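This chain uses plain numbering: 1 for the first residue, then up along the sequence. Nothing here was measured: the structure is a model prediction, and the numbers come from that model. Scope of the values below: all heavy atoms of this structure, side chains included, with no hydrogens, waters or symmetry mates.
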Amino acid sequence: MQQKRPTLDGLKQVLELIASDPRMPTNFPDWIRGSIRSGGGKNRVLRYILGHAPSDASPPRVLDVGAQFGSLAVYAVKLGCQAAAVDFGPAAKTLQKVAADHGVDYKECDVGAEPLPFSDNQFDFVTYTDVMEHHSFSPKRVLREIHRVLVPGGRVIVVTPNHASLYNRLKLIFGGSVNDDFDYFFDMCAEERTYEGHHREYTRAELTAALRRTQFQVRECRVFDQDLASLLYYLRLHRTRAEILPESRDLVLSALGEIWALLHLPLGRWIWAVGEKASAG
């Protein structure tokens, strides 16, 4: 497979392809384009997949669980992978059609109640990023399903907020909350039957335990901060003072995250973990 390198420019083009599709709900395009703010996370995942793909000539087979509008899977296809995706919600059927036009096998699936709609031993990689914290149920059943659809030697990549981050600890010290914004949760979501925000966040020890208890060998489990490069890229696209000033706090925290990483301190806001399904025999 010809190796390509994921870039923020390349991801921006993918986001524009999806956002500009006339079938998209009217409230989606700004959200899709704005996701470039955290685009470094998607590119980190894609770089890992390309760097650890099987050595044979066949394209890596990737499944994105909790795919939202499918940008990671679409970009994976453009980088030479075979990609599938699953998510659930009122816009899933529309997203399925859009993603299919870009070579992605996007299926509607409620992972809390249904098995993944794929056969055993089908994928080299499964991505499960920014999803676990939104479940109102234990992720054990989802991790078991991911284990089932991975080939022996296949890997799951998990990214989720670090509940024990320095930022959460400081909030608690000063009397704040580490939960989602109270006004948003209490007032703006008052009529919703199910809250779509974070239900439970995890520590490194908990995520390691979750992978081991679902038969994965833990290859990596570490913390990191938001990618500074993608945040700066986003700000270059939004140059007005009114848009840049609210981002100054995250700029400072992301810059500090570079220091935590150099010093190998487990203080960052996100956990990155990789679990491997045992090889046959």
Side-chain angles (χ1 to χ4, degrees), residues 15 18-19 24-42 65-69 71 87-92 94-95 110-112 128-139 142 158-204 206-207 223-228 230-235 237-257 260 267-271:
L15 294 174
I18 299 170
M24 277 293 164
T26 56
N27 59 328
F28 273 40
D30 287 345
W31 170 47
I32 292 169
R33 294 183 177 104
S35 69
I36 193 68
R37 184 184 187 279
S38 55
K42 285 187 172 58
V65 174
Q68 293 186 324
F69 43 83
S71 58
D87 213 328
F88 181 75
T94 297
L95 297 172
D110 180 358
V111 297
Y128 187 35
T129 65
D130 306 327
V131 180
M132 283 179 66
E133 64 274 13
H134 293 277
H135 293 330
S136 59
F137 50 86
S138 166
V142 185
V158 183
V159 179
T160 192
N162 176 21
H163 196 56
S165 72
L166 174 66
Y167 316 106
N168 282 354
R169 297 178 194 218
L170 289 174
K171 285 178 183 177
L172 290 171
I173 286 173
F174 291 103
S177 172
V178 299
N179 294 314
D180 289 352
D181 179 73
F182 177 75
D183 291 337
Y184 173 76
F185 168 75
F186 192 77
D187 293 323
M188 296 183 68
C189 300
E191 304 305 318
E192 295 181 9
R193 182 173 179 178
T194 301
Y195 179 58
E196 301 294 337
H198 292 193
H199 286 262
R200 195 190 198 286
E201 296 183 359
Y202 298 84
T203 65
R204 281 194 306 167
E206 290 172 335
L207 187 51
V223 302
F224 67 99
D225 243 296
Q226 180 172 327
D227 182 67
L228 184 59
S230 60
L231 185 53
L232 290 170
Y233 186 95
Y234 170 82
L235 291 176
L237 299 175
H238 300 79
R239 294 178 181 274
T240 69
R241 183 179 179 85
E243 289 170 309
I244 290 176
L245 282 179
E247 303 290 346
S248 58
R249 180 184 68 95
D250 277 352
L251 272 173
V252 171
L253 295 180
S254 295
L256 288 173
W260 311 147
L267 303 175
R269 286 189 287 180
W270 298 90
I271 308 174

What is the minimum heavy-atom distance between [X] and [Y], and which atoms define it?
X      : Y      : answer
Ala19  : Ile32  : CB-CG2, 3.9 Å
Ala91  : Pro25  : CB-CG, 4.3 Å
Phe185 : Cys189 : O-CB, 3.5 Å
Val111 : His135 : CG2-CE1, 3.9 Å
Pro161 : His198 : CG-CE1, 3.7 Å
Val223 : Gly268 : CG2-N, 3.7 Å

Do Val142 and Tyr128 make a side-chain contact, defined as non-hydrogen atoms from C-beta onward lying under 4.5 Å apart? yes
Looking at side-chain heavy atoms only, is the closest gap between Ser71 and Ile18 below 4.5 Å? yes
Supply the atom-to-atom distance [X] [atom1] to [Y] [atom2], rounded to the nearest 0.5 angstrom.
X      : Y      : atom1 : atom2 : result
Trp270 : Ser38  : CH2   : OG    : 7.5 Å
Leu267 : Asn168 : CG    : CG    : 11.5 Å
Arg269 : His163 : CZ    : NE2   : 15.5 Å
Phe28  : Thr94  : CZ    : OG1   : 8.5 Å
Met132 : Phe137 : CE    : CZ    : 10.0 Å
Trp31  : Leu15  : CH2   : CG    : 11.0 Å

Under 6.0 Å between ring centres, would you say that holds for His134 and His199? no
Can you list the residues that meet the side chain to side chain donor-acceptor pair (under 3.5 Å) rule with Glu133, with sequence neighbours excluded? Thr160
Could you walk me through whether Asp87 and Gln68 satisfy the side chain to side chain contact (heavy atoms under 4.5 Å, CB included) test, starting with their C-alpha distance in whole Å, then the side-chain angles of each, then the deciding distance to 0.1 Å, before giving a yes or no? CA-CA 6 Å; Asp87 213 328; Gln68 293 186 324; 4.1 Å; yes
Heavy-atom count around Asn27 CG within 6.0 Å, excluding the residue itself: above 12? yes
Has Glu206 got a side-chain atom pairing as donor or acceptor with Thr203's backbone, closer than 3.5 angstrom? yes
Could you go step by step and tell me if Lys42 and Thr129 meet the side chain to side chain contact (heavy atoms under 4.5 Å, CB included) rule? CA-CA 9 Å; Lys42 285 187 172 58; Thr129 65; over 6 Å; no
